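All values derive from a computational prediction rather than experimental measurement. Positions are given from 1, in the same order as the sequence printed here.
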Amino acid sequence: QVQPVESGGGSVEVGGSLRLSCTVTKDADGTYCMGWFRQAPGQEREGVAGMFFRSGSTTILYADSVKGRFTTSRDNTKTTMYLQMDSLKPEDTAIYYCAKERDSARCRHSLLSPGAFRNWGQGTQVTVSS
């Protein structure tokens, strides 16, 4: 598989917004998972948002810490995933990764689990300053 590619990270003040993008290759089979994860210094990687796609339906799951502030979506070409981050807080500072998994049995019930995903991007830094 081709590695996902993230973009859109940067520095922002508390309360600001950023939008991350993740570009992937298009699957002929429309059943797969995509996830957003983050890792702060000295902490384990954690799930932020995940999506499971199957035959025109989409399941989306968010971590409690970002519900109501972050929104994930996919464009109509099905090659770019977005993470819109609003009302950013200093604790959102981390390296953000997107990941893809084609084995739905592995990921569909574990959308926020890093271990369920095998194809990872390089990550993009997000820094929120007060």
Side-chain angles (χ1 to χ4, degrees):
Q1 299 187 58
V2 176
Q3 185 178 33
V5 179
E6 304 97 339
S7 62
S11 297
V12 65
E13 293 185 350
V14 169
S17 297
L18 283 173
R19 188 176 80 159
L20 306 183
S21 300
C22 174
T23 302
V24 298
T25 54
K26 186 173 182 179
D27 272 317
D29 174 4
T31 301
Y32 61 95
C33 302
M34 293 291 300
W36 287 101
F37 299 84
R38 66 187 181 187
Q39 188 165 19
Q43 298 187 21
E44 294 186 354
R45 191 170 298 188
E46 64 175 359
V48 174
M51 294 191 283
F52 171 56
F53 306 103
R54 181 179 62 180
S55 302
S57 71
T58 303
T59 300
I60 300 177
L61 186 66
Y62 293 99
D64 288 343
S65 59
V66 306
K67 279 181 183 177
R69 301 189 298 121
F70 289 12
T71 304
T72 190
S73 62
R74 184 182 64 170
D75 73 350
N76 290 335
T77 68
K78 301 180 182 180
T79 59
T80 304
M81 182 173 70
Y82 301 101
L83 183 68
Q84 177 66 42
M85 305 185 294
D86 299 318
S87 301
L88 283 161
K89 304 175 181 180
E91 53 262 44
D92 295 318
T93 295
I95 299 174
Y96 283 71
Y97 300 88
C98 70
K100 182 177 180 180
E101 176 56 51
R102 300 169 78 180
D103 182 353
S104 61
R106 180 187 177 99
C107 62
R108 61 179 293 188
H109 297 300
S110 304
L111 291 175
L112 299 181
S113 298
F117 290 78
R118 292 176 290 181
N119 192 18
W120 290 83
Q122 296 279 8
T124 185
Q125 177 71 45
V126 171
T127 303
V128 184
S129 58
S130 56

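- Arg106 contributes a side-chain N or O that, together with a main-chain N or O of Ala116, makes up a donor-acceptor pair within less than 3.5 Å.
- In this structure, Glu91 places its CD atom where more than 12 heavy-atom neighbours from other residues, nucleotides or ligands lie under 6.0 Å away.
- Contact between Val128 and Thr93 at its shortest, heavy atoms only, is N-OG1, 2.9 Å.
- Residues passing the salt bridge (Lys or Arg N to Asp or Glu O under 4.0 Å) test with Lys78: none are found, sequence neighbours excluded.
- Heavy-atom minimum distance, Phe37 versus Ser113: CE2-C, 3.7 Å.
- Shown here for Gly9 and Leu20, the closest heavy-atom pair between the two residues is N-CD2, 3.6 Å.
- The shortest heavy-atom contact between Thr80 and Thr77 is N-OG1, 4.4 Å.
- Side-chain atoms of Glu6 come within 3.5 Å of backbone N or O of Gly123 as a donor-acceptor pair.
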Please test Arg45 against Trp120 for side-chain contact (heavy atoms from CB on, under 4.5 Å), starting from the C-alpha separation and ending with a verdict. CA-CA 12 Å; Arg45 191 170 298 188; Trp120 290 83; 3.2 Å; yes
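- Between Met34 and Val24, the shortest heavy-atom distance links the atoms CE-CG1, 3.6 Å.
- Here ring pair (Phe, Tyr, Trp, His ring centres under 6.0 Å) pairs that include residues 48-73, with residues two or more places apart or in two chains, are Tyr32-Phe53.
- The environment of CD in Gln122 is sparse: at most 12 heavy-atom neighbours from other residues, nucleotides or ligands sit within 6.0 Å.
- Looking at every heavy atom in both residues, Leu83 comes nearest to Thr72 through CD1-CB, 4.1 Å.
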Sequence neighbours left out, cut at 3.5 Å: what donor-acceptor pairs do the side chains of residues 94-102 make with other protein atoms?
from	atom 1	to	atom 2	distance (Å)
Tyr96	OH	Arg38	NH1	3.0
Tyr96	OH	Asp92	O	2.6
Lys100	NZ	Thr25	O	3.0
Lys100	NZ	Asp27	OD2	2.8
Glu101	OE1	Arg118	N	3.1
Glu101	OE1	Arg118	NE	3.0
Glu101	OE2	Asp103	N	3.0
Glu101	OE2	Arg118	NE	3.3
Glu101	OE2	Arg118	NH2	2.7
Arg102	NE	Asp27	OD1	3.3
Arg102	NH2	Asp27	OD1	3.2

